[in-house]
Amino acid sequence: LFIQNDYRKLENDYMRSDFYPKYYGFEWVESLPGWGMYYMIWTLFLAASGITFGALYPLSSAIFFVLKVYMCLLDVSLYSDQQYYTILVSFLMIFLPANGNVSFDSYIYPKVKSTTAPRWCLLILQFQQCVVYLYFGIARMNEDWIRGEPLRHWIIQLVSSRDNFDVERLFPFVNSFPILHSATNQVAWLAEQFLLSEFVIYLLACCVIIFSISASFVLLLSRGNYFKVA
């Protein structure tokens, strides 16, 4: 199910048109021909797995960073804050000793094993996170975001895609229980109406701004650990 969804998104975003707007100076960046884009996605998955399990960590981080930059450069209209932040962090992770413990690298290469890390590793990640959150919150304080756009459009797009609320597809077993089937469909309908209400849209828009700006400062507090986890 997840693979089909990723393939569908890949095809819709990068393989359905002959023209994609580019960043200035990167007009030469094009989608890979044939099955190249599918191979690229699987390579990205393997690199992410290498980062997760600490297997060939520096190489996995470098590959992940390069492929994420490549995907970002393919189409300027698909830019998102989350994608940009992922690129920044993946670049920093190339130089962080995040495979020092509980990783394949630490078992294969004893010299890598370590139970501690330099303080600069934590500080640079905190700094990067603070910059992103603060800028994200300030950038959202504009007329469009405050009146609910493009948040409203995203929610409508989410709700209009029946796959997200198709109970029979997501939970096939409910078909065997008529009462459960009826109840889950009713809950799905209520969820749609709740998300589409103007109050919820405006509330979410304001909460995003408040959370982003406040989180950028809380991350710097040594006593804000519980809030950071939340």
Side-chain angles (χ1 to χ4, degrees), residues 1-96 98-99 124-125 127-142 144-145 148-164 204-205 208 212 216:
L1 179 62
F2 290 109
I3 293 176
Q4 290 178 352
N5 181 66
D6 288 340
Y7 276 178
R8 184 164 58 248
K9 181 174 177 57
L10 176 69
E11 293 165 356
N12 291 336
D13 290 347
Y14 302 106
M15 303 172 65
R16 293 293 189 187
S17 175
D18 294 328
F19 171 76
Y20 294 99
K22 306 293 185 181
Y23 289 94
Y24 178 76
F26 294 94
E27 296 83 0
W28 51 272
V29 180
E30 299 291 345
S31 299
L32 298 174
W35 289 86
M37 294 301 293
Y38 297 101
Y39 296 145
M40 186 272 295
I41 285 295
W42 279 106
T43 304
L44 188 65
F45 169 76
L46 292 176
S49 300
I51 294 173
T52 302
F53 297 106
L56 299 176
Y57 173 79
L59 178 62
S60 298
S61 299
I63 293 174
F64 185 87
F65 167 71
V66 171
L67 292 182
K68 289 299 292 184
V69 171
Y70 169 70
M71 293 182 67
C72 181
L73 295 177
L74 282 176
D75 189 347
V76 66
S77 66
L78 295 177
Y79 168 86
S80 68
D81 298 321
Q82 293 80 7
Q83 185 182 48
Y84 181 60
Y85 176 68
T86 301
I87 291 173
L88 294 177
V89 173
S90 62
F91 174 74
L92 294 177
M93 290 180 67
I94 298 175
F95 309 100
L96 297 179
N99 60 336
I124 196 172
L125 289 176
F127 173 76
Q128 182 64 78
Q129 188 80 24
C130 289
V131 171
V132 171
Y133 270 128
L134 183 60
Y135 181 77
F136 183 86
I138 295 175
R140 288 296 178 271
M141 290 191 292
N142 59 72
D144 288 336
W145 184 266
E149 293 294 347
L151 188 59
R152 181 181 292 100
H153 171 74
W154 294 340
I155 293 176
I156 292 175
Q157 190 177 40
L158 171 70
V159 173
S160 62
S161 177
R162 295 303 305 175
D163 289 345
N164 295 312
L204 289 175
V208 167
S212 299
S216 63

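Both backbone and side-chain heavy atoms feed into the values below; hydrogens, waters and symmetry mates do not. Sequential numbering from 1 along the given sequence is applied to the chain's residues.
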Quick one: does any side-chain atom of Lys22 pair with a main-chain N or O of Leu74 as donor and acceptor, under 3.5 Å?
yes
With side chains defined as the heavy atoms from C-beta onward, is the minimum distance between [X] and [Y] less than 4.5 Å?
{"X": "Val208", "Y": "Phe136", "result": "yes"}
{"X": "Met71", "Y": "Met37", "result": "no"}
{"X": "Leu125", "Y": "Leu96", "result": "yes"}

Atom pair [atom1] ([X]) and [atom2] ([Y]), whose distance is rounded to the nearest 0.5 Å:
{"X": "Trp154", "Y": "Glu149", "atom1": "CH2", "atom2": "CD", "result": "10.0 Å"}
{"X": "Leu88", "Y": "Gln83", "atom1": "CG", "atom2": "CD", "result": "11.0 Å"}
{"X": "Leu92", "Y": "Ile87", "atom1": "CG", "atom2": "CD1", "result": "12.0 Å"}
{"X": "Leu46", "Y": "Ile41", "atom1": "CG", "atom2": "CD1", "result": "11.5 Å"}
{"X": "Gln129", "Y": "Leu134", "atom1": "CD", "atom2": "CG", "result": "12.0 Å"}
{"X": "Ser60", "Y": "Ile51", "atom1": "OG", "atom2": "CD1", "result": "6.0 Å"}

Tell me the closest heavy-atom pair linking [X] and [Y], and the distance in Å.
{"X": "Tyr57", "Y": "Met93", "result": "OH-O, 2.7 Å"}
{"X": "Pro58", "Y": "Asn99", "result": "CD-ND2, 4.2 Å"}
{"X": "Tyr23", "Y": "Cys72", "result": "CE1-O, 3.3 Å"}
{"X": "Ala205", "Y": "Leu151", "result": "N-CD2, 3.6 Å"}

How about OH on Tyr84, more than 12 heavy atoms from neighbouring residues, nucleotides or ligands closer than 6.0 Å, or not?
no
Quick check on Phe53: does its CZ atom have over 12 non-hydrogen neighbours (other residues, nucleotides or ligands) under 6.0 Å away?
no
Give the ring-plane orientation class for Phe91 versus Phe65, where under 30° counts as parallel, over 60° as perpendicular and anything between as tilted.
tilted
Parallel, tilted or perpendicular, judged at 30° and 60°: which one describes the rings of Trp42 and Phe45?
perpendicular
Given side-chain contact (heavy atoms from CB on, under 4.5 Å), test Phe64 with Thr86 step by step and report yes or no.
CA-CA 10 Å; Phe64 185 87; Thr86 301; 3.8 Å; yes
Taking it one step at a time, do Tyr70 and Met40 satisfy side-chain contact (heavy atoms from CB on, under 4.5 Å)?
CA-CA 10 Å; Tyr70 169 70; Met40 186 272 295; 4.3 Å; yes
